[in-house]
Amino acid sequence: LAPTIAEAQKFVANYDESKIPDYQLPDPLVTQAGEAVTTPEQWRERRSVLVDLFEKHVYGVSPKPCPIRHSLVSCDENALGGKAVRREVDVFFGESDDAHSMRLLIYTPTKSTGASAAFVGLNFQGNHTIDPDPSISITESWVRDRRDDSTDGHRATAAGRGVAASRWPVETIIDRGYSLVTIYYGDIDPDFDDGFQNGIHGPLGSQLDDVPQVHRWGSIAAWAYGLSRALDYLETDSAIDATRVAVIGHSRLGKTSLWAGASDPRFAMVISNDSGCGGAALSRRAIGETIGRINTSFPHWFCDQYVKYNENENACPVDQHELLALIAPRPLYVASATEDQWADPKGEFMSATLADPVYRLLGTDGMGGKSLPDEMPAADQPIKSGRIGYHLRTGKHDLAKYDWEQYLDFADKHLTKKE
Ligand code: GCU
């Protein structure tokens with residue numbers, strides 16, 4: 001639901017660093033009782049406390065993994081002029097005949113010897129929008145009415161084929177030897193507020209009867225749950241090496257890839273593209289989009305408890321650098337864009353640096369180098385020598401070719417098969 005004018009006016013965005021309120025960040029390496037975490041064993045305990053806090057206060061508690069089944073919908077062994085095999089696979093949330101399903105669009109390189117590493121990411125408008133190939137099925141799920149010819153009300157149309165292709169450089173990904181798996185996020189949970197009934201919330205939600213309403217999963221958690229079930233399926237797919245899967249997402253789907261990576265340690269690498277508020281950006285900076293604003297515009301993304309931190313960020317027991325720390329020691333890449341101040345690039349960068357001590361405690365080089373950079377790197381000067389990558393791209397809020405180039409380099413470094 002769109003916020004009322006009065007509600008929206010309450011949250012006038014601040015973009016002035018000098019007006020950031022005083023705040024104190026929780027330290028990922030200090031327990032709730034105030035004790036320092038100094039060993040990997042102690043971190044493991046601390047980590048599970050933090051996961052629990054993020055569940056109860058931010059994204060909501062999700063059900064336990066459901067069993068899945070799948071069926072092959074289509075297969076083209078000669079996609080991209082013979083470079084790739086393209087398949088569509090329906091994955092069902094549960095074993096019953098009427099179980100809810102999502103459709104995976106999978107490209108695997110023909111050239112690959114053995115199972116390949118893969119990028120898995122949700123898309124915003126339907127699988128058919130990521131490439132103009134007319135044989136990709138058009139999503140039948142609810143879509144946002146774009147008031148152009150790519151939608152007819154809440155149905156997608158053939159005119160939408162390939163409209164998001166700039167965000168999905170399929171051929172480049174294949175040429176670099178990776179598979180690509182993408183899913184329309186609306187297959188998992190339609191992106192509108194309906195009191196957590198539709199999508200997988202309905203059929204799986206009853207498992208949460210013993211969880212207080214305020215702590216139950218919002219849509220970001222549902223989308224992340226879908227990504228984990230996609231990974232369950234990939235573990236059975238011989239073309240893909242499920243131990244080398246990077247989860248990637250842009251914007252709200254970047255928030256989602258971070259939560260998927262934090263809550264499911266099987267994701268071998270995590271990429272947050274312009275994820276902003278409720279993603280990589282520090283909430284306590286309260287600059288650009290804030291918790292109050294995001295909960296007003298998108299009341300279904302987070303759990304209801306999160307509303308308690310509207311204009312009250314200091315009361316939240318966690319902040320987003322601790323979400324990034326939950327991904328340690330796995331490779332993590334955070335990216336921002338210069339014209340995306342709404343997502344607070346500086347807050348995203350700070351978050352990445354604040355996760356560094358946890359990466360180092362776990363015996364990795366964190367952001368790389370002996371010490372952390374004092375300042376944000378200039379635009380288009382990626383930091384990617386260590387386990388935590390970061391860049392600030394020149395340009396708008398988008399998933400661009402430049403972003404993918406950095407992610408592919410980062411994957412070459414971290415996802416290449418160790419012989
Ligand atoms: C809005 C929202 C952001 C979100 C973005 C997107 O701008 O305020 O939090 O990341 O939509 O998903 O594109």
Side-chain angles (χ1 to χ4, degrees), residues 1-4 7-15 58-59 121-126 129-130 142-146 150 163-164 166-168 182-186 188-193 218-224 226-227 247-261 270-303 306-307 309-311 313 316 319-320 323-324 334-349 351 392-393 395-400 403:
L1 293 181
T4 63
E7 275 170 337
Q9 277 172 345
K10 246 177 36 198
F11 301 105
V12 179
N14 169 43
Y15 288 109
V58 184
Y59 303 106
L122 302 178
N123 65 70
F124 277 88
Q125 286 176 264
T129 64
I130 75 120
W142 179 95
V143 294
R144 180 164 307 287
D145 181 355
R146 296 201 174 247
S150 72
V163 294
S166 68
R167 288 187 176 176
W168 299 94
T182 184
I183 306 156
Y184 171 49
Y185 80 137
I188 303 165
D189 188 37
D191 191 359
F192 63 91
D193 182 22
S219 291
I220 291 173
W223 299 323
L227 284 165
V247 61
I248 178 168
H250 168 61
S251 206
R252 72 197 65 181
L253 300 178
K255 310 180 206 299
T256 304
S257 66
L258 287 173
W259 181 232
V270 182
I271 302 165
S272 152
N273 192 84
D274 305 358
S275 62
C277 179
L282 292 174
S283 300
R284 279 165 173 72
R285 279 170 50 79
I287 193 164
E289 189 174 30
T290 58
I291 297 181
R293 182 64 187 259
I294 207 168
N295 280 327
T296 308
S297 324
F298 306 101
H300 56 297
W301 283 2
F302 300 89
C303 70
Y306 201 43
V307 172
Y309 313 117
N310 288 0
E311 293 172 292
E313 295 83 3
C316 186
D319 209 319
Q320 299 304 111
L323 175 70
L324 303 187
V334 174
S336 318
T338 54
E339 290 169 44
D340 189 19
Q341 296 302 320
W342 183 238
D344 185 18
K346 185 166 179 200
E348 296 184 308
F349 172 70
S351 232
L392 174 68
R393 171 179 49 75
K396 293 201 167 54
H397 182 71
D398 196 5
L399 174 53
D403 300 312

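Given the structure is predicted, the values throughout are model-derived calculations rather than measurements. Whatever order the structure lists ligands and atoms in, that order sets their numbers, starting from 1.
Looking at Asp340 and Lys396, no side-chain N of the basic residue comes within less than 4.0 Å of a carboxylate O on the acidic one, giving no salt bridge. A salt bridge between Asp403 and Arg167 is absent, with no side-chain N of the basic residue lying under 4.0 Å from a carboxylate O of the acidic one. Between Asp398 and Arg393, no side-chain nitrogen of the basic residue sits less than 4.0 Å from a carboxylate oxygen of the acidic one, so the salt-bridge criterion is not met.
Among all heavy-atom pairs drawn from Thr182 and Gly121, the shortest one is OG1-O, 2.8 Å.
Sorted by chain then number, the residues whose non-hydrogen atoms approach ligand 1 to under 4.0 Å are Phe124, Ser251, Arg252, Lys255, Glu289, Ile294, Phe298, Trp301, Trp342, His397.
Residues satisfying the side chain to side chain contact (heavy atoms under 4.5 Å, CB included) criterion with Ala286, sequence neighbours excluded, are Pro21, Thr290, Glu313.
Using bins of under 30°, 30° to 60° and over 60° for the plane-to-plane angle, the ring pair Phe302/Tyr306 lands in the tilted bin.
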